[in-house]
Amino acid sequence: MMLEGLEVKGRYLTGLREKIHDHQRDDLAQLAIARREIWSSWDERLKRLEEWMASAAALRRSSDGLSAWRDATLGFDRAQTISQRYGQTLDRKAARLAKRLSELGERTRQWSGRLILKEADLRGFIERQAVKTE
């Protein structure tokens with residue numbers, strides 16, 4: 001009778017052991033599936049990150065290009081400002097030179113008038129001298 005009781009208990013324990021093994025196999029299968037899902041999830045996340053990094057790099061390149069355009073535009077603006085100032089300076093110098101040229105023209109006309117008078121006096125003198133020497 002004792003043996004029968006032990007036999008019953010042994011079968012019960014064997015059944016429990018089999019159930020535990022079945023649960024362990026189920027747990028291992030679920031963990032393997034979960035591991036595959038997690039890895040695929042991480043792969044998808046990594047792919048998305050790589051795509052974002054590629055789009056960020058493209059944005060960075062276009063941003064660098066736009067910054068270069070902006071810097072060039074600012075350089076042209078500075079050059080335009082400098083050329084306008086230089087143009088104004090040249091205009092003032094041209095006005096001064098025009099004024100000096102007109103003054104010089106006036107002085108040249110005065111001298112020309114004097115020279116014509118002196119030339120006439122000199123011709124008269126030469127003619128008088130020629131008459132005297134004859």
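Through side-chain heavy atoms spaced under 4.5 Å, either directly or across other Ile, Leu, Val, Met, Phe, Trp or Tyr residues, Leu28 is tied to no other residue. Other cluster members for Trp42: Ile38, joined by side-chain heavy-atom distances under 4.5 Å among Ile, Leu, Val, Met, Phe, Trp and Tyr. Residue Leu31 shares its hydrophobic cluster (ILVMFWY side chains chained together at separations under 4.5 Å) with no other residue.
Atom CG of Asp77 and atom CD1 of Ile82 lie 11.0 Å apart (nearest 0.5 Å). Atom-to-atom distance recorded for Leu13:CG and Leu6:CG is 10.0 Å, nearest 0.5 angstrom. For the atom pair CD (Glu50) and CG (Leu46), the distance works out to 6.5 Å, reported to the nearest 0.5 Å.
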- Item | Leu74/Arg78 under side chain to side chain contact (heavy atoms under 4.5 Å, CB included): CA gap, chis, key distance, verdict | CA-CA 6 Å; Leu74 291 176; Arg78 283 191 296 270; 3.9 Å; yes

Listed pairs under 3.5 Å, donor-acceptor, residues 104-122 side chains, sequence neighbours left out:
residue, atom, partner, partner atom, Å
Thr108, OG1, Leu104, O, 2.6
Glu119, OE2, Arg123, NH2, 2.8

Throw together a table of side-chain donor-acceptor distances under 3.5 angstrom for residues 84-101, partners on residues two or more places apart or in other chains.
residue, atom, partner, partner atom, Å
Thr89, OG1, Arg85, O, 3.0
Thr89, OG1, Arg92, NH2, 3.3

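For Arg45, the CZ atom sits in a packed shell: over 12 heavy atoms of surrounding residues, nucleotides or ligands are nearer than 6.0 Å.
In this structure, Asp22 pairs ionically with Arg25, as a charged nitrogen and a carboxylate oxygen lie closer than 4.0 Å.
Listed by chain and residue number, Arg36, Glu37 satisfy the side chain to side chain contact (heavy atoms under 4.5 Å, CB included) test with Ile33 (two or more places apart in sequence, or in another chain).
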